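What follows is a set of notes on a single structure, which appears directly below.
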Amino acid sequence: MTALQPSAVGPRPIRQRRWTRRTRRDLLTGLLFISPWILGFLGFYLYPAVASLYYSFTDFRILQDPDWIGLQNYQRML
């Protein structure tokens, strides 16, 4: 059997490795360094994009709660 032929027995089981203390510490350090970017992305990009998508399906007036109207805004636009 060559290296390119599949094994007749089947795939080898995947060995699960335990994370070492250093690996966990490195992961935590990386997450702490990236967390300001993640919070900024969520607060300044993702939330406004999702909110504007939601409001595009409503009849939004500033002093009242938004009323869900579905695709009527897009039908009126076309």
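Source: prediction; values computed, not measured. The residues of the chain are indexed from 1 along the displayed sequence. Keep in mind that the numbers below use all heavy atoms, side chains included, and drop hydrogens, waters and symmetry copies.
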### Summary
Those residues at least two apart in sequence (or on a different chain) that pass salt bridge (charged side-chain N to carboxylate O under 4.0 Å, His left out) with R22 are D26
### Message
Rounded to the nearest 0.5 Å, what separates atom CG in L78 from atom CG in L71?
### Response
10.0 Å
### Euclidean distance, L42 CG relative to W37 CH2, rounded to 0.5 Å
8.5 Å
### Query
If you round to the nearest 0.5 Å, how far is CZ of R24 from CZ of R18?
8.0 Å
### Message
For the CD1 atom of I34 and the OG1 atom of T29, what is their distance to the nearest 0.5 Å?
### Response
13.0 Å
### Y47 with F41, same ILVMFWY side-chain cluster at under 4.5 Å
no
### Minimal non-hydrogen separation, G43 against P48, with atom names
O-CD, 3.7 Å
### Query
Are any of the side-chain heavy atoms of I69 and F57 separated by less than 4.5 Å?
no
### Query
Is the backbone of W19 close enough, under 3.5 Å, to the side chain of T23 for a donor and an acceptor to pair up by distance?
no
#### Entry: Separation between CZ of R76 and CD of Q72, rounded to the nearest 0.5 Å
8.0 Å
### Query
Looking at side-chain heavy atoms only, is the closest gap between D67 and F60 below 4.5 Å?
no
### Query
Tell me, which pairs form a side-chain hydrogen bond (donor to acceptor under 3.5 Å, both in side chains) where one or both residues lie in residues 49-58, sequence neighbours left out?
S56-Y74
### Message
Do I38 and L32 land in one hydrophobic cluster if side-chain heavy atoms of ILVMFWY residues count as linked below 4.5 Å?
### Response
no
